Amino acid sequence: MRWKTAEYKGWGRVLSARGDTARPERLATLKALWKETKAPAIGNLRSYGDAALNDGGKAIDMTRLDRLIAFDPDTGILEAEAGITIGEIARIFAPKGWIPTVLPGTGFATLGGCISNDVHGKNHKAGSFGQHVISFDLLGANGRVRKVTPDATPELFRATCGGIGQTGVILSAKIQLASIGSEVMDVRETRVENLTEFMALLDGSTAPYCVGWIDATAKGEHLGRGILEEGSVAYNAPPPKPKSAKSVPMNAPRFFLSSPIVRLFNQLYLRRIPVMGQRRIRAMQDFFFPLDKVLNWNRLYGKPGFHQFQCALPDGTAHEALVRMMDMIASSHLASPLTVLKRMGTGRAGMMSFPMGGYSFALDFPNGKAVAGLVGELEEITLQAGGRIYLAKDTLATPEMIAAMYDELPEFIAAVNAADPEHKFATDMVRRLNLRGTGK
Amino acid sequence: MKQTWLILGASSAMARGFARRVSETGADVFLAGRDMDDLNRAAADCHLRGAPLAEAMRFDARKPAGFGAIYEKLAAQDGALNVAVFVGSMPDQADIDKDPALVDATIMDSFTGPARFLQGFVPLMEERGCGTVVGIASVAGDRGRIGNYVYGAAKAGFATYLSGLRNRLTRVGGHVVTVKPGFVDTAMTWGLPGMFLVASPDDVARDIQKAVSKKKNTIYTPFFWRYIMLIITHIPEMIFKKMSI
């Protein structure tokens, strides 16, 4: 197997690594190279920061090990290789009446990536992705393949779900799909005037899928205004044609996401929805993966890239914390149009899983000098509120911050250091945030 | 009419993409190659993507003794028989320079092996008066270059063979598509220096599928390689012989 030496970046394009990557197309190739070299697995590089980067080291690109292995139409249990994307699974199985129970915001995430980041979706009641994983085959540092299940090997299972690749290479996984009645979504969009109303609507929504878009430039009485999108599967509706994907051909210039343009865009975007709300029939993939229709949308932030901040906040403190955060963001003039507020369920499958019962708040900032300070303050508010930030998105957190937010970090460190005593699977993020307990 | 596709060299990335695409149209697929473990996985994948029947078979371009079993299996299928040939090997030219025996191996893998297989297979297609042969040649076959002229020569030979085969099959209602890919992002090119305008294997597979349905004769994929090669083949030999491209 030849190694390719190249630079590669996280999705936010702020952090990059230069190193050797192997991309086996067959299991036999991976097993042969594993005898010589053990390295962390990477997928489609949709983590925003350095979760999938190994600067100066090696990595194994799993995207070509992407085959379906077995499917049981009676139970909806699918087994597939870890490199397949979640969007491809949805594309193939939705016409047969099944989709992954939890779908992240991009269909380009791989199955292995969804497990190792324990992703969540717009249906908070279903819990996190890992909770619908029945088992996976894990190629460990000792060269053996183990079948890992939540019951028989709970430690290893919980250290792998959300464990950003520190236990080994996930080769394949068995997941429970959810049955759906059609490939069409009935989407209700409602204009929301402020944060208090937004949170009440999110709490009261009975729709299976629910997500809020926030105008992060609005202040005062409009603080937290936006659009609530509630989706459910539509029956007897003619399927609309999914929109075809367009690509962003080059890096956008800096002014593209400057404050006046974002303010203007957000106002127009908000007014797209009539005051009394509207209902639309949408193709399933357009509802679940809206940004996937714009390939390379990360180029809209220009060459310097962008940071994403995402936090989960518990019910009791969320409102107060969100008011402070939104105030700070609107005054900073740094916000971009991509700001999302969701209800979040308690479900989580791993020691380092992000979800907690409450709310999730996420937004992008174009990379620039002032961003680190602002994000630092947002993280501080998150910590004080008893919340946590999402490793899959992080570029700026500190080891102390993560240790304070993740109670189970000591258990995680013990479990992964037992599974990988020589730290073969350490990545840039693990070193930056001291997730293996070795110090910096 | 029911379609059956035999894919030779089915473990390659381009072949995988093509096999998946024909599986989604509901064709039966036979995936032939040497890594049976991998081919069995590929067959399960194709079946779940829509192929009513997907089966792995052993095929080694250097062992014609095994061809008969494949002919027999395919002859038992109803409807139209189609075959796509993705086999080939591209050792480093430097390795070939050190070990001239690699010339034989390269030519057998990329030209004479598949040609001999097709020679025995085509009568089955002629009997039925339909079906398509897809043969993967290469832009490397359009002109011999210092970097890979043995591989290039093998692919040029195969392209000429395909052109003759097209002449033969057309008479009975069959068809042959010659595919000349440029740089494709596969295990063969992974990490090689000097790659540019690299296409994804699935893009190539999509182009092949389109060429089959439109009965194209020779395609370059991505399309712009036709123009790149047009220029390269028109450089006068007295200049070309001093170049290293």
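A quick note: this is a predicted structure, and the numbers were derived from the prediction, not measured. Letters A, B, ... are given to chains in the order of the sequence lines, protein chains preceding strands, and every chain is numbered from 1. Excluded from the calculations below are hydrogen atoms, water molecules and symmetry mates; all remaining heavy atoms, backbone and side chain alike, are included.
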Output yes when A/K4 and B/D185 qualify as a salt bridge under the 4.0 Å nitrogen-oxygen rule, no when they do not.
no
More than 12 heavy atoms of other groups within 6.0 Å of A/K293 NZ
yes
Where A/I69 and B/R41 come nearest, the two heavy atoms and their spacing:
CD1-NH1, 3.6 Å
Give a yes or no on this: more than 12 heavy atoms of other residues, nucleotides or ligands lie within 6.0 Å of atom CZ of A/R146.
no
Minimum heavy-atom separation for B/A13 and A/E25, please, with both atom names.
CB-OE2, 3.4 Å
Nearest heavy-atom neighbours spanning A/R2 and B/T189
NH1-C, 3.8 Å
Would you find more than 12 non-hydrogen atoms of other residues, nucleotides or ligands less than 6.0 Å from B/K216 atom NZ?
no
B/R49 and A/E88: salt bridge (charged side-chain N to carboxylate O under 4.0 Å, His left out), yes or no, with the steps?
CA-CA 11 Å; B/R49 284 167 193 263; A/E88 180 75 347; 2.6 Å; yes
Can you tell which part of A/D20 gets under 4.5 Å to a heavy atom of chain B, answering side chain, backbone, both or neither?
neither
More than 12 heavy atoms from other groups under 6.0 Å of CZ on B/R34
no
Tell me, yes or no, whether the heavy-atom count around A/K9 atom NZ, taken from other residues, nucleotides or ligands under 6.0 Å, exceeds 12.
yes
Interchain contact, B/A43 with chain A, by part (heavy-atom threshold 4.5 Å)
neither
Please answer whether the main-chain N or O of A/T21 pairs with a side-chain N or O of B/W190 as donor and acceptor at a distance below 3.5 Å.
yes
Got more than 12 heavy atoms from elsewhere within 6.0 Å of NE2, B/H47?
no
Which atom pair, heavy atoms only, marks the closest approach of B/L48 to A/F71?
CD2-CB, 3.7 Å
Within a strict 4.5 Å, meaning less than it, do heavy atoms of the B/R16 and A/R67 side chains meet?
yes
Between B/M188 and chain A, with a heavy-atom cut-off of 4.5 Å, which part of the residue counts as in contact: side chain, backbone, both or neither?
backbone
Do other residues, nucleotides or ligands put more than 12 heavy atoms under 6.0 Å from the CD1 atom of B/I146?
no
Note, B/D37 side chain near A/R26 side chain (heavy atom, < 4.5 Å)
no
Is it the backbone or the side chain of A/A80 that comes under 4.5 Å from a heavy atom of chain B, or both, or neither?
neither
Taking atom CG of A/D66 and atom CG of B/D45, what is their separation to the nearest 0.5 Å?
7.0 Å
Exceeds 12 heavy-atom contacts within 6.0 angstrom, atom CE of A/M250
no
